[in-house]
Number of protein chains: 2
Amino acid sequence: MQVYSFVNFRHKAVARMSADQRKFTRELPAQRREQLILAVLSLIARKGVRAATVRDIAQEAGVTQGLIRHYFGSKESLVAAAYDYHMSRMTDAVWQASDKPEPRARLAAFVISSLSPPVLNRDWVSLWAALLGRAMQDPQLLKTHECTYCYFRDRLESLIADALRHVGRPHTKAETRRLAIACNAVIDGLWIEGGALPDAFAQGELTAIGLRSVGALVGLPLEDTEDL
Amino acid sequence: MQVYSFVNFRHKAVARMSADQRKFTRELPAQRREQLILAVLSLIARKGVRAATVRDIAQEAGVTQGLIRHYFGSKESLVAAAYDYHMSRMTDAVWQASDKPEPRARLAAFVISSLSPPVLNRDWVSLWAALLGRAMQDPQLLKTHECTYCYFRDRLESLIADALRHVGRPHTKAETRRLAIACNAVIDGLWIEGGALPDAFAQGELTAIGLRSVGALVGLPLEDTEDL
DNA sequence: CGAGTAATTATGCAAGTGTATAGTTTTGTC
DNA sequence: GACAAAACTATACACTTGCATAATTACTCG
């Protein structure tokens, strides 16, 4: 998409090369939507929800404020779309890292990627907190939060069940559920403080604590899975 | 203080009983400050930071908006004071529960009170999230967050060290620090989801998971400390 | 090339924002 | 019971907010 549009633009630009005084350029709807979403996310992360006004969002995206209404109907709707977008890219960033074959190594990779950049990042934690604060008063946003939480936890539960099965440890559904809730909680807690207070932890400290903690909770050591 | 003011009011009221058309009553500065703080906390918890305007805060507190400036100088300063107030009452609510003599029971009581009302409460989680979102852009608020976090973690570290010492388990300072970070994280994570998604967990499930998790992390069972 | 269509801009508006300032009322004290 | 000080109210102001509407502009297709 991006490539197509670029070629398109170049074509037109060359055609009018001598005196191109166009006041704006058209973009594909999907691109404009993403530009606006990225703009509002960047603003909220850096300056808070309060700074994300329609005018500043438009300026950040390089357009005028009318486009927000044109593409999203309202600012509220744009923020909701941005919340979805952010949560999706967070889950994607975590899960693309856990493609290892060995179950224990997959679980360890999940913990590490959750507690390393880009997932562990001041801006992303800032975004998460600001949008959760809003979600507590907005059913639509809370639904996004709930879906993300459940998605995370369910996949984590699968990872845990795989790891237990791989070492021949019997386990019930209720047990893996409890373990998934606990492991998700400890990872979340470490992630939040690591993002909010980056100077409070040494380099690699959070991933080490995360590995050790999840290992202790599940009952499987995870520190030795680097090369699996 | 409250009693004194009440008597005071009654006294005056009786003196002018026949035709008391006073347009307002004076309060002790400390009381008015607390009224305004409670008003802004209630508004933010129920309707979000956006709804906490000077006019609505004043109405919630039963005064006019000029008093916010009179007592706090600015709305921003009031919010900062309210953040301190909220964090203090949270820590107080947690720590007043851990007065048991036996170290393991103290640790267990800490976990339970952190994951039960009034600490585990939708409004308090909502408040926490909304104010953390603001704190990520406000150094003063972030300082409050940091102090609260460190206070919590340090006292938790003491609890853990006491429990380990009590059972004769040797431990280093670095070890108890890691354990405190991890235990604090799992409690925070459970607390957040328990407050944000109260219907996602069964009655007593979070405290059970919390006890089991902290026990597994520290290496000491905590489920059997009810009657210690 | 020329017209239609939709993307984009430009502009206006009514409501709400925090703060400043001046005026009013309460209350303790002599 | 008057007086001063401070608590409290009332009001105005400059500014920002989100949204709507109309006027442009760019691009597509014949």
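Computed from a predicted structure; not experimentally measured. In the text below, chain A, chain B and the rest are named by the order of the sequence lines, each starting its count at 1. Quick note: numbers below take in every heavy atom, side chains included, and nothing from hydrogens, waters or symmetry partners.
- Counting to the nearest Å, the C1' atom of C/dA7 and the CZ atom of A/Arg26 are 5 Å from each other.
- Residues A/Gly73 and A/Asp56 both approach DNA chain D. Their nearest nucleotides, taken by heavy-atom distance, put A/Asp56 toward the 5′ side.
- Aromatic pair A/Trp191/A/Trp128: centroids less than 6.0 angstrom apart.
- Summarising the local packing, CZ of A/Arg89 is surrounded by more than 12 heavy atoms from other residues, nucleotides or ligands at distances under 6.0 Å.
- Taking only side-chain atoms of B/Lys75, from C-beta outward, the nucleotide of C/dT25, C/dA7, C/dG18 with the closest atom is C/dG18.
- One can place CD of B/Gln31 at 14 Å from P of D/dA7, the figure rounded to the nearest angstrom.
- A salt bridge does not link A/Arg33 with A/Glu27: none of the charged nitrogens is closer than 4.0 Å to a carboxylate oxygen.
- Near DNA chain D, meaning a heavy atom under 4.0 Å away, the residues from residues 32-51 of chain B are B/Arg32.
- Nearest to the side chain of B/Tyr71, among D/dT25, C/dT9, D/dC8, sits D/dC8.
- At the phosphate of C/dT9, neither OP1 nor OP2 sits under 4.0 Å from any side-chain N or O atom of A/Lys23.
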Evaluate B/Lys173 against B/Glu157 for salt bridge (charged side-chain N to carboxylate O under 4.0 Å, His left out), listing each step before the verdict. CA-CA 9 Å; B/Lys173 165 73 180 166; B/Glu157 186 177 335; 2.6 Å; yes

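- Here D/dG18 is the nucleotide among D/dC8, D/dG18, C/dT5 with the atom lying nearest to any side-chain atom of A/Thr53.
- With the nearest nucleotide of DNA chain C identified for both B/Phe24 and B/Ile68, B/Ile68 has the one nearer the 5' end.
- Nucleic acid contact class of B/Phe72 (heavy atoms, under 4.0 Å, all strands): none.
- For the OP1/OP2 pair of C/dT27 and a distance below 4.0 Å, the side-chain nitrogens and oxygens of B/Arg22 include at least one atom meeting the criterion.
- Here the side chain of A/His70 is nearest to one of D/dA7, D/dA10, C/dT8, namely C/dT8.
- Comparing C/dT26, D/dT9, C/dG18 by their closest approach to the side chain of B/Val54 singles out C/dG18.
- Interatomic distance, CD1 of B/Ile192 versus CG of B/Leu120, reported as 11.0 Å (0.5 Å rounding).
- Across all strands shown, B/Glu76 has no heavy atoms under 4.0 Å from either base or sugar-phosphate atoms.
- The closest side-chain donor-acceptor pair between A/Arg46 and A/Ser42 falls under 3.5 angstrom.
- Between the CG atom in A/Leu206 and the CD1 atom in A/Ile112 there is a gap of 12.5 Å [rounded to 0.5 Å].
- Taking only distance into account, the side chain of B/Arg55 never meets the base of C/dG16 through a donor-acceptor pair shorter than 3.5 Å.
- Going from atom CD of B/Gln59 over to atom P of C/dT17 covers 12 Å, rounded to whole Å.
- Considering only the side chain of A/Gln65, C/dT11 comes nearest among C/dA7, D/dT9, C/dT11.
- Side chains of B/Gln140 and B/Tyr83: no donor on one and acceptor on the other come within 3.5 Å.
- Between the P atom of D/dC8 and the CD atom of B/Glu27 lies a distance of 7 Å, rounded to the nearest Å.
- Comparing C/dT27, D/dC19, D/dC27 by their nearest atom to the side chain of B/Thr25 picks out C/dT27.
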